[in-house]
There are 2 protein chains.
Amino acid sequence: MDPLALDRQLCFALYSASRAMTSTYRDLLDDLGITYPQYVVMLALWEHCPSGNSSQDNRAAPNHDPGTRSTGLSVKELGSRLQLDSGTLSPLLTRLEGLGFVTRRRSTADSRSVFVDLTSRGAAARSDADCIPRDLAERTKIDTDEMSDLLDALQSLTRNLRETPTTHHTMHHR
Amino acid sequence: MDPLALDRQLCFALYSASRAMTSTYRDLLDDLGITYPQYVVMLALWEHCPSGNSSQDNRAAPNHDPGTRSTGLSVKELGSRLQLDSGTLSPLLTRLEGLGFVTRRRSTADSRSVFVDLTSRGAAARSDADCIPRDLAERTKIDTDEMSDLLDALQSLTRNLRETPTTHHTMHHR
DNA sequence: AAAATTTCAGTTGTGCACAATTTAATTGTG
DNA sequence: CACAATTAAATTGTGCACAACTGAAATTTT
């Protein structure tokens with residue numbers, strides 16, 4: 001048994017599965033007109049927003065009260081939920097803004113941070129996404145229980161991998 | 001239960017795990033001086049090559065016999081093993097060639113195809129990689145059985161996702 | 001309060017992924 | 001044989017990821 005055999009590497013199985021998944025989402029997100037990473041940002045915003053919140057288009061929302069915080073998420077908060085840095089998020093958000101799904105606005109309370117809010121169009125897109133989990137589950141052809149196990153295993157794996165800080169040299173090394 | 005909740009999305013769990021894995025490999029591959037995708041290409045080449053094959057440096061290997069095929073893999077074969085196209089592989093192989101790990105040579109039998117061979121340095125790097133599976137297994141903190149289950153689940157998932165051809169519109173859709 | 005440090009978003013540069021196109025070579029068909 | 005269709009690799013263009021850096025603003029320390 002070759003320990004370096006390609007099809008026994010967890011890394012390669014993950015890498016392949018992740019690319020296959022993204023490819024499937026490319027298809028599922030075609031109608032919505034966004035990429036998979038953009039969709040993940042939308043998921044975070046949809047989850048955060050008090051749902052019935054299609055009141056503002058954010059183009060003419062004065063809001064001079066310095067204490068009032070946006071209903072959206074700051075770039076930092078988005079980054080911590082998705083484990084993405086501003087180097088990835090900034091250009092991605094520029095594109096989502098260009099598509100009219102979100103707006104960006106510097107915080108009045110702390111002008112270092114920038115809040116990302118859904119536009120009414122961005123909030124409305126949520127209903128277009130409702131069918132996606134079902135459509136995907138169909139394609140995976142795995143039942144709910146097995147799916148749930150896999151989800152847990154992946155989350156545990158991610159936690160364990162992130163836990164060990166970078167810069168290796170794990171003692172032994174012979 | 002929100003069907004769009006971020007932490008119940010298989011796609012997001014996969015995406016997160018895959019990025020965490022790549023990040024871990026960035027650390028593990030630091031000594032070798034290659035990226036994770038480059039490592040995967042090396043895995044494919046190491047697996048394919050008849051192992052004890054440090055005979056040639058491929059710089060002065062005449063080999064005019066049109067029937068003799070390289071000991072390496074063509075770009076097409078690499079692509080089919082890794083599910084990557086030439087748009088990804090071409091520049092990656094250029095970099096691996098620049099690092100002195102592989103050589104590229106047009107086939108004499110069919111000059112459309114290009115064979116990728118390990119240099120002696122590339123073949124030797126294999127021994128530096130031997131410790132990687134063990135180091136990684138340590139970081140995942142999951143036992144061999146669970147790891148094997150996860151591997152199988154991921155391979156099955158990948159197969160199922162690739163199976164359904166692109167361009168969606170799965171009947172119902174209401 | 002002034003200076004040093006930290007925080008946040010954005011920018012720059014590198015390396016994937018992947019769609020679409022290009023170029024060259026081979027194969028299939030009349 | 002000619003010529004259309006196919007195949008292989010490379011190139012071009014877009015969009016992530018991520019490291020490293022920049023600049024502005026807030027916080028901490030002195």
Side-chain angles (χ1 to χ4, degrees), chain A residues 11 15-27 29-30 33-41 66 72-80 82-99 102 104-116 162 166-167, chain B residues 11 15-27 29-30 33-41 66 70 72-80 82-99 104-116 162 166-167:
Chain A
C11 66
Y15 170 70
S16 299
S18 180
R19 286 192 296 121
M21 184 63 84
T22 302
S23 173
T24 299
Y25 268 87
R26 223 188 316 284
D27 188 23
L29 292 172
D30 201 43
I34 59 178
T35 66
Y36 172 68
Q38 288 165 13
Y39 173 69
V40 171
V41 167
L73 287 167
S74 70
V75 174
K76 177 183 163 59
E77 288 165 333
L78 260 178
S80 107
L82 308 179
Q83 297 290 326
L84 291 171
D85 67 8
S86 65
T88 300
L89 287 174
S90 281
L92 190 156
L93 291 170
T94 300
R95 286 183 280 270
L96 276 182
E97 202 171 18
L99 290 170
V102 305
R104 268 189 294 192
R105 187 168 47 76
R106 285 224 167 246
S107 165
T108 44
D110 182 345
S111 67
R112 286 172 305 180
S113 63
V114 167
F115 282 104
V116 180
R162 291 212 196 281
T166 180
T167 37
Chain B
C11 65
Y15 170 70
S16 299
S18 180
R19 286 192 297 121
M21 183 63 83
T22 302
S23 173
T24 299
Y25 269 87
R26 223 187 317 282
D27 188 23
L29 293 172
D30 201 43
I34 58 178
T35 66
Y36 173 68
Q38 288 164 14
Y39 174 68
V40 172
V41 168
S70 159
L73 287 167
S74 70
V75 174
K76 178 182 162 59
E77 288 165 332
L78 261 177
S80 106
L82 307 179
Q83 297 290 326
L84 291 170
D85 66 9
S86 66
T88 300
L89 287 174
S90 280
L92 190 155
L93 291 170
T94 300
R95 287 183 280 270
L96 276 183
E97 202 171 19
L99 291 169
R104 270 190 291 191
R105 187 169 48 76
R106 288 228 165 243
S107 165
T108 44
D110 182 345
S111 67
R112 285 172 305 180
S113 62
V114 167
F115 282 104
V116 180
R162 290 214 195 282
T166 182
T167 37

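Below, chain A is the first sequence line, B the second, and so on; all start at residue 1. All of these numbers come straight from a predicted model, not from anything done at the bench.
Proximity note for A:R112 (side chain, C-beta onward) versus C:dT11, C:dT26, C:dT7: the nearest is C:dT7.
In this structure, the side chain of B:D85 engages the main chain of B:T88 through a donor-acceptor pair within 3.5 Å. Using modelled atom types, one side-chain atom of A:R106 and one backbone atom of A:S111 make a donor-acceptor pair closer than 3.5 Å. Judged by distance alone, the side chain of A:S23 and the main-chain N or O of A:R19 form no donor-acceptor pair under 3.5 Å.
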Do A:V75 and A:V116 pass the side chain to side chain contact (heavy atoms under 4.5 Å, CB included) test, and can you show the C-alpha distance, the side-chain angles, and the key distance before you say yes or no?
CA-CA 7 Å; A:V75 174; A:V116 180; 4.1 Å; yes
Side chain to side chain contact (heavy atoms under 4.5 Å, CB included), that's the test. Do A:Q38 and A:L29 meet it? Break it down for me.
CA-CA 10 Å; A:Q38 288 165 13; A:L29 292 172; over 6 Å; no
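Mapped onto DNA chain C by nearest heavy atom, A:L89 and A:A20 fall at different nucleotides, with A:L89 at the one closer to the 5' end. Heavy-atom nearest nucleotides on DNA chain C were determined for A:V114 and for B:S111, and the one closer to the 5' end corresponds to A:V114. Residues B:K76 and B:T88 each lie close to DNA chain D; by heavy-atom proximity, the contact nearer the 5' end of the strand is made by B:K76.
Base engagement by A:S90 is indicated by at least one non-hydrogen atom pair under 4.0 Å involving a base atom. B:L92 comes within 4.0 angstrom of sugar-phosphate atoms only, judged by non-hydrogen atoms across all strands, and of no base.
When the C1' atom of C:dC18 is taken as reference, atom CZ of A:R19 falls 10 Å away, rounded to whole Å. Going from atom CZ of A:F115 over to atom C1' of C:dC8 covers 12 Å, rounded to whole Å. In this structure, A:E77 places its CD atom 10 Å from P of C:dC8, rounding to the nearest Å. Taking atom CG on A:D110 and atom P on C:dA9, their separation rounds to 8 Å, with Å as the unit.
Residues forming a ring-ring contact (aromatic ring centres under 6.0 Å, His included) with B:Y39 (at least two apart in sequence, or on another chain): B:Y25. Residues meeting the side chain to side chain donor-acceptor pair (under 3.5 Å) test with B:R95, sequence neighbours left out: none.
Under the Watson-Crick or G-U wobble criterion, with both distances below 3.5 Å, C:dG30 is paired with D:dC1.
A close approach under 4.0 Å does occur between a side-chain nitrogen or oxygen of A:R104 and OP1 or OP2 of C:dG10.
Contact footprint of chain A on DNA chain D: nucleotides with an atom under 4.0 Å from a non-hydrogen protein atom, first to last in 5' to 3' order, D:dG15 to D:dA26.
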